[in-house]
There are 2 protein chains.
Amino acid sequence: MKLSTKGKYGVRALFEIARQYGQGPLSIKEISERQKISLSYLEQILHRLGKAGIIESVRGPHGGYVLARRPAEVTIGDVVRALEGPIALSHCLEPGFGSECYQADDCVARMVWTKVGEKIEEALDSISFEHLLQQYHGKDRELVPGKKRAVAGKGAC
Amino acid sequence: MKLSTKGKYGVRALFEIARQYGQGPLSIKEISERQKISLSYLEQILHRLGKAGIIESVRGPHGGYVLARRPAEVTIGDVVRALEGPIALSHCLEPGFGSECYQADDCVARMVWTKVGEKIEEALDSISFEHLLQQYHGKDRELVPGKKRAVAGKGAC
DNA sequence: TAATACTTGACAAAATTAGTCAGGTTTGTT
DNA sequence: AACAAACCTGACTAATTTTGTCAAGTATTA
Ligand code: FES
Ligand code: FES
């Protein structure tokens, strides 16, 4: 039960874009540097978020990415669904699959994974980027000399 | 966000053991046949469940596995934790890791994945095998001639 | 004492994930 | 018009994890 890096990087990248909300586009290069995510990999991630309608791209010089909606209207769930596919704990609970599963009406486990999946969605959808921004601004952020910022190792959030 | 087969097979195997509760041990071979899970693979799974104190093994002829507690006291969460490790969406949220993460106090994502993780645990722990048994017995289980029973393909629950 | 059943650890095939790379195309600026 | 900044696309590969298999045990009881 781990999140893939796509989901984690996606949230961090989108957080940077959300932070910029109302102040023009943020370039992919800038995001890559601030969050220490490989530029090429980030392209894939942002592209998916674009296709999902969460962000919009502005081309040309001084272009970049912009949030497509207000931060309060973008949830962690939107990002996770866009990057990790639908929340279906088992393959046969995915949207199109239901009808194919010939033992659906005799499957004890179905109820279990369905219910847990619903709870996960609930939790993911209850957190918006507005919440993240509020939390971020609420914190003490003095620049102590030796203090490091977001360096994403393998295990980082 | 998928469950591994270990977790899914584990629940199905334990369901069979729970069904047998109070009627002596159920052999690994029997479970393997009823749920169509490879015997060798099942050994690994049951062994882990044993180490976690969820089941007990009875050796010798007519031996097998028995639930260590009443079905109502074994939850899906117990099984998932035993087979997939602690529910930590990100590596750095795992039990022993917290102190190592040097950016924990400056990590926006931490709150998100912690909260979602808690919700998942809540959902998993709210379902016991007693619930599964009740649901199972509540269903109409007539043996219609052509009807097939649990054949676990790759995508099955 | 033979048969049944659990125990352990090593190993390999398959699938997935994570990330790179090499080209594009679009668009604002000069 | 030309240039450069920035996004777009798809193919490709290395690393990791998952999913098992296999072999050689040890324990127990009919
Ligand atoms: S990276 Fe460790 S708390 Fe987020
Ligand atoms: S196997 Fe399809 S519903 Fe469970």
Side-chain angles (χ1 to χ4, degrees), chain A residues 1-10 12-13 17 20 24-33 35-52 54-66 68 80 83-85 88-91 94 152-156, chain B residues 1-10 12-13 17 20 24-33 35-52 54-66 68 80 83-85 88-91 94 152-156:
Chain A
M1 291 280 267
K2 284 276 183 304
L3 230 58
S4 78
T5 56
K6 275 211 178 69
K8 294 191 281 184
Y9 291 178
R12 300 215 322 255
I17 299 176
Q20 189 81 0
L26 186 62
S27 82
I28 199 171
K29 196 179 162 211
E30 186 68 25
I31 302 173
S32 155
E33 280 165 7
Q35 289 286 340
K36 310 281 184 239
I37 301 171
S38 142
L39 199 143
S40 317
Y41 196 31
L42 198 52
E43 278 179 346
Q44 280 182 38
I45 293 172
L46 293 184
H47 184 240
R48 285 212 209 187
L49 292 177
K51 266 206 310 189
I54 297 171
I55 55 179
E56 274 161 11
S57 64
V58 179
R59 307 180 82 141
H62 303 297
Y65 287 94
V66 178
V80 172
L83 295 172
E84 319 231 345
L89 258 37
S90 173
H91 184 224
E94 282 177 12
K154 289 274 174 183
Chain B
M1 291 278 267
K2 283 275 183 302
L3 229 59
S4 78
T5 56
K6 276 211 178 68
K8 294 191 281 183
Y9 290 178
R12 300 213 326 252
I17 299 176
Q20 191 80 4
L26 186 62
S27 82
I28 197 170
K29 197 179 162 209
E30 186 68 25
I31 301 174
S32 154
E33 280 165 6
Q35 290 285 342
K36 310 279 185 245
I37 300 172
S38 142
L39 199 144
S40 317
Y41 196 30
L42 198 51
E43 277 177 347
Q44 282 182 37
I45 294 171
L46 293 183
H47 183 241
R48 287 212 207 184
L49 293 177
K51 266 207 310 192
I54 297 172
I55 54 178
E56 274 161 10
S57 64
V58 180
R59 307 178 83 140
H62 304 296
Y65 287 95
V66 178
V80 172
L83 295 172
E84 319 231 345
L89 258 36
S90 173
H91 184 224
E94 282 177 13
K154 289 275 172 184

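Order of the sequence lines fixes the chain letters, A, B, ..., with proteins taken first and strands second; residue numbering starts at 1 for each chain. Below, all heavy atoms of this structure are taken into account, side chains as well, without hydrogens, waters or symmetry copies. A quick note: this is a predicted structure, and the numbers were derived from the prediction, not measured.
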Whichever of B:K51 and A:S38 has the more 5' nearest nucleotide on DNA chain C, that residue is B:K51
N/O (side chain, [X]) to phosphate O (OP1/OP2, [N]) under 4.0 Å:
X	N	result
A:S4	C:dA18	yes
A:Y9	C:dG19	yes
B:S57	C:dA5	no
A:Y41	D:dT13	no
A:T5	C:dG19	yes
B:H47	C:dT8	yes

To the nearest Å, how far apart are [X] [atom1] and [N] [atom2]?
X	N	atom1	atom2	result
A:L39	D:dC8	CG	C1'	13 Å
A:K29	D:dA4	NZ	C1'	12 Å
B:I28	C:dA3	CD1	P	21 Å
B:I55	C:dT7	CD1	P	9 Å
B:E56	C:dA5	CD	C1'	16 Å
A:R59	D:dC7	CZ	P	9 Å
A:L42	C:dT20	CG	P	11 Å
A:L3	C:dT16	CG	P	17 Å

Would you mind reporting whether [Y] and [X] have side-chain heavy atoms less than 4.5 Å apart?
X	Y	result
A:K6	A:R48	yes
B:S57	B:Y65	yes
B:I45	B:L83	yes

Any base atoms under 4.0 Å from A:G50, or only sugar-phosphate, or nothing? Heavy atoms, all strands.
nothing
Which part of the nucleic acid, if any, lies within contact of A:L46, taking any heavy atom under 4.0 Å across all strands shown: a base, the sugar-phosphate backbone alone, or nothing?
nothing
Given that A:S40 and A:V58 both sit by DNA chain D, which one's nearest nucleotide is further toward the 5' end?
A:V58
To the nearest 0.5 Å, what is the distance between CZ (A:R12) and OG1 (A:T5)?
9.5 Å
Donor/acceptor link under 3.5 angstrom from A:Q44 side chain onto base of C:dT20:
yes
Option among A:V66, A:I54, A:I55 that satisfies the side-chain contact (heavy atoms from CB on, under 4.5 Å) test with A:I17
A:I55
